[in-house]
Amino acid sequence: MATDFWAKAYGGYHSKRWIVDRATLKESRSGDLQYVDDPEYLDLFAIFFANVITKLGKKLNFRQRVIATAIVFFRRFYIKNSYCETDPFIVIAACCYVAGKAEESPVHIKNMVAEARLFFSQQPYGVKYFPSDNSKLAEMEFYLVADLECDLTVFHPYRTLLSICKKESSNDLQTEAGEVGVGVDDGPRYWGSGDGQLELPDDAFQLAWSIINDTYRSDLCLLYPPHLLAITALYLAVVLHGPTRELLQQQSHSVEATPVHSSPRRSSRQSSSTLLGHAKKPSQDFVAFFSELNISMPLVATIAQEIISLYTLWERYLEDSDLVDSARGAFYGHTSAQTGVSHSGVSTPVESLDDTQRPHGATPTFLLQVLTRMRENRLSDMAHVSSGRPVAVNKMLERTQAAG
């Protein structure tokens with residue numbers, strides 16, 4: 001039922017506007033690709049700017065949902081604009097400012113300008129040209145909302161994860177109204193028949209939540225709908241969380257030792273519950289749960305591979321970050337001196353690398369130099385076109401760019 005809800009009521013509208021294909025995404029990066037030596041720098045920009053938004057959001061005491069909304073606004077804005085033609089830092093401040101309003105956590109414009117100006121002036125950013133005039137941020141707000149087509153409603157994977165893992169509350173239903181699964185109280189939910197919910201240990205649930213946080217450091221939120229990202233994060237958490245994976249292996253061995261019934265799975269469950277009567281309730285079958293999802297598991301596997309690729313790329317981004325809500329420790333042994341296991345019981349499929357083995361990567365300072373060079377080269381090309389006349393690609397942003 002909720003699958004139809006996604007496809008018709010919300011998904012059809014949302015996918016036409018903000019879920020894009022890779023060809024569209026590549027076309028939106030065509031302007032920047034002319035001014036970078038390595039296309040990978042643009043992927044590193046995605047991680048860099050998401051970290052900037054996250055840190056600024058925490059200074060503003062934003063909830064994770066507000067930070068995620070600001071990142072989505074930033075991603076959508078740059079579908080229609082280029083890094084080399086705009087000032088990403090004024091755009092970041094505007095995204096946080098608008099996200100606070102959209103998620104009912106407003107910040108006064110004076111506080112926003114003061115916090116952003118102070119934060120961006122510090123190392124490693126060292127931005128000295130951020131405007132102190134509140135009207136500049138207000139002007140950028142109008143440009144941002146215009147490029148967002150006044151569509152400020154953002155759906156996140158958190159709601160689906162809460163629903164599947166029996167973590168939702170009445171407050172969640174109110175604040176997340178309209179998202180996938182909300183209002184589907186009668187009948188089967190879209191993730192299968194039966195109870196349609198999965199009980200996970202708190203550590204495994206937190207790991208899935210952190211994986212969702214990390215997806216915002218890529219363009220996955222532009223390529224796939226939220227419910228698929230939530231299920232993929234849940235899939236990776238089940239595989240990576242040590243105790244849960246051991247339970248999954250035990251279930252696999254028990255299935256191999258149990259005679260296979262010829263009747264369908266659903267009927268066998270009903271008959272077994274009738275025969276056993278007051279027998280002890282068996283542990284949840286994770287394999288059966290995912291097999292009954294009304295989604296494409298090959299697509300989930302594809303998204304999982306892209307998330308793993310994100311962590312591989314993230315290893316080449318060198319920054320002393322204090323982000324504690326990331327699942328990077330599940331993929332690389334940063335959080336524990338023990339080989340293969342972190343402090344949360346999460347296995348590490350990639351061996352830990354010491355400083356001598358770790359590949360050299362890009363630092364925030366280096367990426368800022370790349371960004372500065374891109375903007376300078378773009379401005380030079382705009383001033384020396386074949387016609388000999390300066391050309392402004394986006395007139396709406398001229399005054400904002402000239403704020404410094």
Side-chain angles (χ1 to χ4, degrees), residues 1-7 9-11 14 19 63-65 68 154-216 220-221 224-245 247-248 251 265-266 269 281-304 306-307 325 327 330 344 346:
M1 178 176 178
T3 302
D4 296 334
F5 168 79
W6 168 262
Y10 166 68
H14 185 274
I19 299 296
R63 295 175 289 114
Q64 176 57 36
R65 179 180 174 87
V154 179
F155 296 85
H156 295 288
Y158 304 112
R159 175 61 178 81
T160 302
L161 182 65
L162 290 170
S163 298
I164 292 179
C165 297
K166 296 184 177 182
K167 301 290 185 178
E168 62 185 355
S169 63
S170 58
N171 292 332
D172 296 324
L173 292 177
Q174 293 176 1
T175 59
E176 309 277 353
E179 202 161 333
V180 177
V182 176
V184 189
D185 297 328
D186 300 326
R189 287 178 177 258
Y190 79 94
W191 42 80
S193 57
D195 293 338
Q197 290 181 318
L198 188 67
E199 294 182 0
L200 278 183
D202 290 340
D203 289 346
F205 175 80
Q206 183 59 50
L207 175 60
W209 188 280
S210 298
I211 292 174
I212 292 177
N213 291 345
D214 294 340
T215 61
Y216 288 100
L220 290 174
C221 60
Y224 302 103
H227 71 284
L228 288 180
L229 297 178
I231 293 171
T232 304
L234 185 62
Y235 169 78
L236 288 173
V238 169
V239 173
L240 295 175
H241 186 252
T244 305
R245 189 184 66 259
L247 178 60
L248 179 63
Q251 292 175 351
R265 181 184 299 276
R266 199 173 299 171
R269 286 183 174 179
K281 181 180 178 180
S283 59
Q284 288 187 305
D285 188 346
F286 296 109
V287 175
F289 175 83
F290 284 104
S291 66
E292 291 177 353
L293 293 174
N294 190 17
I295 60 172
S296 171
M297 288 307 296
L299 180 57
V300 170
T302 299
I303 301 174
E306 294 190 30
I307 293 176
D325 54 354
S344 60
V346 177

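- The minimum heavy-atom distance linking A204 with A237 is given by the pair O-CB, 3.6 Å.
- Here the closest heavy-atom approach between residue L234 and residue C165 is recorded as CD1-SG, 3.8 Å.
- Counting heavy atoms from C-beta outward, I303 and I231 have side chains that stay 4.5 Å or more apart.
- Looking only at side-chain heavy atoms (C-beta outward), F205 and I164 stay at 4.5 Å or farther from each other.
- Interatomic distance, S210 OG to L236 CG, rounded to the nearest 0.5 Å: 12.5 Å.
- Taking OG1 of T232 as the reference point, atom CD1 of I212 lies at 9.5 Å (rounded to 0.5 Å).
- Looking at heavy atoms from C-beta onward, P226 lies out of side-chain contact with T160 at the 4.5 angstrom threshold.
- Closest approach of P157 to A230, counting heavy atoms only: O-CB, 3.4 Å.
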*Please step through side chain to side chain contact (heavy atoms under 4.5 Å, CB included) for the pair I307 and D214, ending with a clear verdict.*
CA-CA 8 Å; I307 293 176; D214 294 340; over 6 Å; no
Show which side-chain atoms of residues 295-302 pair as donor or acceptor with protein atoms under 3.5 Å away, not counting sequence neighbours.
unit_1 : atom_1 : unit_2 : atom_2 : d
S296   : OG     : L299   : N      : 3.3
T302   : OG1    : P298   : O      : 3.0

*asked:* Determine whether L229 and Y158 satisfy the following criterion, side chain to side chain contact (heavy atoms under 4.5 Å, CB included), listing intermediate values before the conclusion.
replied: CA-CA 9 Å; L229 297 178; Y158 304 112; over 6 Å; no
